[in-house]
Colleague: 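Take a look at this one; I'll ask things after.
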Amino acid sequence: MQGTAHEAIFMNNPGKWILPTAYDIFMMKMVHVRFAPSPTGYLHIGAARTCLINWLFVRHHKGKFILRIEDTDTARSSDKMSRGIIQALTWLGLDWDEGPIFQSKRIEIYRNKAEELVRKGKAYYCYCLPEEIQKRKKEALDSGKNWIQDRRCLRISPEEKRCFELHKKPRAIRFLVPEGEINYNDLIHGHICVQNENIEHFVLLRSDGLPTYHLSVVVDDIEQKITHIIRGDDHISNTPKQILLYQAFGVEPPEFAHQSLILGKDKKKLSKRHGVSSVLQFKEDGYLSLAILNFLAQMSWSPGEERIYSLDEMVNRFSLEKRAKGNPVFDLSKLDWLNGQLISAMTADELFPYVKTELKNANLWQDKYAKEQKEWFFRLLNLLKERSRKIKEFAVRGRPFLSDDFEYGPSGVEKYLNDKRLEELMQKLMRDFKEMQTFTAENIEHALRKRAEKEGLKAAFFIHALRMLILGMSVSPGIFDVVELLGREKTIRRVNAYFKNNPG
RNA sequence: GCCCCUGUCGUCUAGCCUGGUCUAGGACAUCGCCCUUUCAAGGCGGCAACACGGGUUCAAAUCCCGUCGGGGGCGCCA
C-alpha cells in the first residue's frame, strides 16, 4: 500500500491509485529521509554531496531529516570523527530535525532482530571462521568458479552443530537468501533487477555480537520510518540484500535513489588518495559554504542558468528525476570561479566576518577595523573583493594596507624600480601630492598624469613604480584608489623609506 | 572471473522519455581581441563533443541490438 501510493505521488503514475485512509495520506505525505555517515573519517566532499541531495529532497517535500551516525564498526569509529562530521554539516548549513542517533547505542536491538530472523528460519548460524571462508573463496576463484557463498553451515549435521555449540565455537548469523529475483524501481536509474542466486548469504550479526551494516541500516530505516533512501551508486548492489531484509521483516521497502559517484581525475571513485580534503579543509582554504554547496549540487544536476543559487532556490528547483546518471569528475576550477563570483557579489558587511577570521590567522587583525576604522576597512574590502577568488587572498592582497611588514616582489622591483632617475622623479611626484588640497583618487590621478606630461614620460611609468613602492607588488586594485585609501602620509613615507633603504 | 550501473566539448552539463526546430546549446577552463594602469572583472570572438558498429525510420544524439570504454560491488567495512 505504502509503496504503491508513493509511486503514485512521486513517480507521477496516477494509474496506480488506490484509496488511502486519512492516516495513510498523512504518512504518505510525510517524507522521512536520513543521512547516515560512518565516523571512520572526516566528512569528505562526496559524503557532503550525498547529504546535500538528501537535504534538498527533504526540504523540497517538507519532510523530516534524520541524522544517524553509523558507528557499529567500533574499531574504526571515533567520537572525534562524529564531532567533526557534525561541525562540517553545521558549517555547510545542512540542518536536521532528529538525531544524531548513534547506532552503537542500539546494539541490543539489532541483535534481537537477527535472532528473530533465525527463529523464523530466515537466517542461520554460521560457524565458519572468516579466514576459512576466505580460503575457500580463493580456491573457488582460482579454479575458475564463480564464488557466491558455499552455505556450508546451512547443511551441517545436528551432531556437528551440537559439537560446535558445546565448544562454544564463535558463530555469526547469516541471512538465508531465498530463490527468486529482486526488482525495484530506482528513482534515478529506473528499473533494476537482480537474480537472487547472485546474492551471497551475507552476515547480519558478527560473531562478536555486533551487527553488520545491512542489518542495522534496515532495522533503523524501518524504525525511523524512512520513506526515501538516497545514497551513492556504490550502494546499488547492496539494495537487493536490504530489500530482502525488508521482506523478511514483513515491511514494505522504501523508495531508493542512487546517485552518481564523484570521480577523481584518474576516473576512480574520489577518495583521500586524490588529496581531496575534508569539507572543513575547504573552509580552511578560503571557500564559502554556499560556493561548495552550488558546486556539489551542480554535479549531475542543472538547476537552470549558470550562476550561484541560494539554498532556498535550490530547494525549490530540486528534483531527483532531473539528475544525470553519469559519474562526474572532480575539477576545482569551477569551484574557484563560483567562489570568486560569490565574493564579488557580497557586500563588505557580509564579507567582514570571514575576512576578520582570515586576518586573525595571518596576524593582521586589529580591533580598530571593527570600530573607528570600520568605514576605511570596508572600503578596502570593496576594493579587494573584485579580484579575489578565495577568502585567503584578502590576507595576502590586503597585507600592505594593514601592516608595514611586507616584502617587495623581486621581479616587480627589477621591472619597475630600476630607472636611474626614479628617486628624483618620485620626489617631484611626492611634492605634488603634498601640495594637493584634498587627497582624492581623482586629484591623485590628475596630479600624476600632469607630472608625467611635464617630465615627458608615460603615466604608466609613475603608476607601476608607485604601485611597487607603496605595496611591494605589481598587482593591485586601481592605483589611484589604492593611494587614496592608503593615505597621503603613508604613501609619502613609504616612498621615502624605500629610497632610504635602497640608496642608488 | 561474476553481478549491477553508466557513456554528449579538456571539465560540469542542456537536449534523450514525447525521433525532425541539433550544421548539438550553455558554463568553467583555454586561446585571441576590446577596455585599461597592473591583475582581476566586464564585453566580443575562436578552439572543442553525440564512444563504435549494426538495425528501425522519409528522418536518430534521441528508439532497438551488439561491441568497446568507464565506474561500482562481490568483507564477520559502512
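Everything numeric here is computed off the predicted structure, so don't read it as measured data. Computed from heavy atoms alone, side chains included, the values below leave out hydrogens, waters and symmetry copies. Proteins come first, then strands; the chains are lettered A, B, ... in the order of their sequence lines, and each starts at number 1.
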Colleague: Tell which nucleotide pairs with C22(B), taking only Watson-Crick or G-U wobble pairs whose two distances are both under 3.5 angstrom.
Modeller: none

Colleague: Decide, yes or no, whether a salt bridge links Asp331(A) with Lys265(A) under the criterion of side-chain N to carboxylate O below 4.0 Å.
Modeller: yes

Colleague: Can you tell me the pairing partner of U30(B) across any strand shown, Watson-Crick or G-U wobble, with both distances under 3.5 angstrom?
Modeller: G46(B)

Colleague: Within the structure, does a side-chain N or O atom of Lys325(A) lie under 4.0 Å from either OP1 or OP2 of U6(B)?
Modeller: yes

Colleague: Checking Arg323(A) now: which residues fulfil side chain to side chain donor-acceptor pair (under 3.5 Å) with it, not counting sequence neighbours?
Modeller: Gln259(A)

Colleague: Any carboxylate oxygen within less than 4.0 angstrom of a Lys/Arg side-chain nitrogen, looking at Arg307(A) and Glu313(A)?
Modeller: yes

Colleague: Between Asp266(A) and Arg273(A) (salt bridge meaning N to carboxylate O under 4.0 Å), is one present in this structure?
Modeller: yes

Colleague: Scan Lys322(A) against the nucleic acid and name what it touches under 4.0 Å (heavy atoms): base, sugar-phosphate only, or nothing.
Modeller: sugar-phosphate

Colleague: Roughly, in whole Å, what's the span from CZ in Phe295(A) to P in U11(B)?
Modeller: 14 Å

Colleague: Starting from P on C3(B), measure out to CD on Gln195(A) and report it in whole angstrom.
Modeller: 10 Å

Colleague: Please state how far atom CG in Leu187(A) lies from atom P in C5(B), giving the value in whole angstrom units.
Modeller: 16 Å

Colleague: Could you give the CG-to-C1' distance, from Asp336(A) to C12(B), as a whole number of Å?
Modeller: 14 Å

Colleague: Watson-Crick or G-U wobble partner for C2(B), using a 3.5 Å limit on both distances?
Modeller: G73(B)

Colleague: When you measure from the centre of the six-membered ring of Phe164(A), is the NZ or CZ of Lys169(A) under 6.0 Å away and within 45° of the axis?
Modeller: yes

Colleague: Relative to Phe249(A), does Lys113(A) satisfy both conditions: NZ or CZ under 6.0 angstrom from the six-membered ring centre, and within 45 degrees of the ring's axis?
Modeller: yes

Colleague: Arg488(A): which residues meet the side chain to side chain donor-acceptor pair (under 3.5 Å) condition with it, sequence neighbours left out?
Modeller: none

Colleague: Using the side-chain contact (heavy atoms from CB on, under 4.5 Å) criterion, which residues pair with Asp285(A)? Sequence neighbours excluded.
Modeller: Gln281(A), Tyr287(A)

Colleague: Applying side-chain contact (heavy atoms from CB on, under 4.5 Å), can you list everything that pairs with Asn112(A), at least two apart in sequence or on another chain?
Modeller: Glu108(A)

Colleague: Measure the distance from CD1 on Ile188(A) to C1' on C4(B) and round it to the nearest whole Å.
Modeller: 16 Å

Colleague: Rounded to whole angstroms, how far apart are CG on Asn294(A) and P on C28(B)?
Modeller: 14 Å

Colleague: Produce a footprint string for nucleotides 32-53 of chain B: one letter per nucleotide, 5' end first; B if the base is under 4.0 Å from any protein heavy atom, S if only the sugar-phosphate is, - if neither.
Modeller: -----BBBBSS-----------

Colleague: Scan nucleotides 68-78 of chain B nucleotide by nucleotide, 5' to 3', and note B when protein non-hydrogen atoms come under 4.0 Å of the base, S if they reach only the sugar-phosphate, - if neither.
Modeller: ---SSSSSBBB

